[in-house]
Amino acid sequence: MPSIVSFGRYLPAAVLRNDELAARLQVDAAWISGVSGIEERRIALPGETVADMAFEAGRDCLSRACLSHTSAKPGLILVASGSSERRFPGPAAEVAHRLGFAGTPAIDLALASAGSLFGIVLGAQLAPQYGPVLLIASEKMSAPAVTEPLDKNIAILFGDGAGACLIQPGGPGLEIADSVLHSDGAWANDLQLGLTGPIHMNGPTVIMQAARKIPAAISELLKRNAVAPDAIAQFVMHQANQNLIDRVARALQVPAARFYSNIQKYGNTSSASLLIAASEWHEQPALKAGDRICLAAFGAGFHWGAALLTAAF
Amino acid sequence: MSRQEKIIEIVKRVSKSDVAPDPEESLFDSGYLDSFALTDMVGELEREFDIAIPDSDLTPRRFDSLERIESYVARLCDQPA
């Protein structure tokens, strides 16, 4: 069964705290943390690109997997991003080249928030055919989030960063046991980024839909695997908003502490957030063989879903 | 308690307000509801009136005033099973 053998991440060094952002937006810093759970976010340098951050996360992931760029090359590279600078080409081929894998097929996934989840599911399907799949999600959402006309409800949310994971066709790791994916383009205009920004988000609609669809997808997945929500050792969700994460936990009747959260440090890094969170969570020593982990995401499209992983050592 | 009174109680509860809004008053513009309170309200409406609100109906406009909520809930409650 395909399994995730390592994670990686990259966060820019520059930190933008709520008090700095609040002054610019003329809002209260406490309001920002209250409506989002975010305390600070990382901001890429002006010239730093989605590909730059993807490269760093990919290199970190491969390093953690104890792979060298030449001795164990991925058979396929997937790069998810909803904020790449160019209409074409996307960052995938450039990232593959910079990692030393020129000639290896590299595919762009033009998916924002749910990009990591969709990439994991695709990677699990493709790894048996192509060999190890390096999945990277990289986002530079902070710039379009503060493009005029400024919307304070959007400007407070987004940060920059990249996450990655390596999916092997088999062997020990986090086995990708099952997944559910859904898309519904009826909501395409409710969360979108045009060619020049700003990000447009119909917040109430997005929250209402996410608060329903995420628990429903998780329930659909767990029910068909005869797994109770309480039997999941760890949930790792797209880090969109702490209040949303808490509501998903409540809907599943699972303690909120069972949902890994790092949104207070990084804000919403769109598609990168799930892999950044998983990367941090995976460093914790608490994981035991047989533990079940549930990943979930929701985002622009709308695209949403969940994946069930099992720790196998 | 009438349907209207039950809806008012739900709105007051999720908005943590002691004062009932006017029937036509925008619950968003007046600050009664934000995105998350709206989500909570929808769940409470489903439980209170034993209705299932489809995802396709989950738009803020449909729940933006007491009048709109009552009209929508009435349509779901009164439609033939």
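From a predicted model like this one, the values you see are computed outputs, not experimental measurements. Heavy-atom basis, side chains included; hydrogens, waters and symmetry copies ignored.
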Discussion item. For A:N202, which atoms come within 4.5 Å of any heavy atom of chain B: side chain, backbone, both, or neither?
Written reply: side chain
Worksheet item: Does the side chain of A:R250 reach to within under 4.5 Å of the side chain of B:D40, using non-hydrogen atoms?
Response: yes
Worksheet item: Do other residues, nucleotides or ligands put more than 12 heavy atoms under 6.0 Å from B:R61 CZ?
Response: no
Fill in: For A:R212 against B:V42, the heavy-atom pair lying closest together
NH1-CG1, 3.5 Å
Worksheet item: For A:M208 and B:T59, what are the C-alpha separation, side-chain angles and deciding distance, and is it a side chain to side chain contact (heavy atoms under 4.5 Å, CB included)?
Response: CA-CA 8 Å; A:M208 286 175 90; B:T59 59; over 6 Å; no
Worksheet, complete the sentence: Of the listed B:L33, B:T39, B:D34, the one with the largest count of heavy-atom pairs under 4.5 Å with chain A is B:T39
Response to the item:
Here the pair of heavy atoms bringing B:D55 nearest to A:W187 is O-CZ2, 3.7 Å
Worksheet item: How close do A:G203 and B:S35 get, heavy atom to heavy atom, and via which atoms?
Response: C-OG, 3.8 Å
Worksheet item: In this structure, are over 12 heavy atoms from other groups packed under 6.0 Å from B:D22 atom CG?
Response: yes
Worksheet, complete the sentence: Rounded to the nearest 0.5 angstrom, the OG1-CZ distance for A:T205 and B:R62 is 10.5 Å
Fill in: Qualifying residue, where the test is side chain to side chain contact (heavy atoms under 4.5 Å, CB included) with B:F36 and the options are A:V35, A:N241, A:D246
A:N241
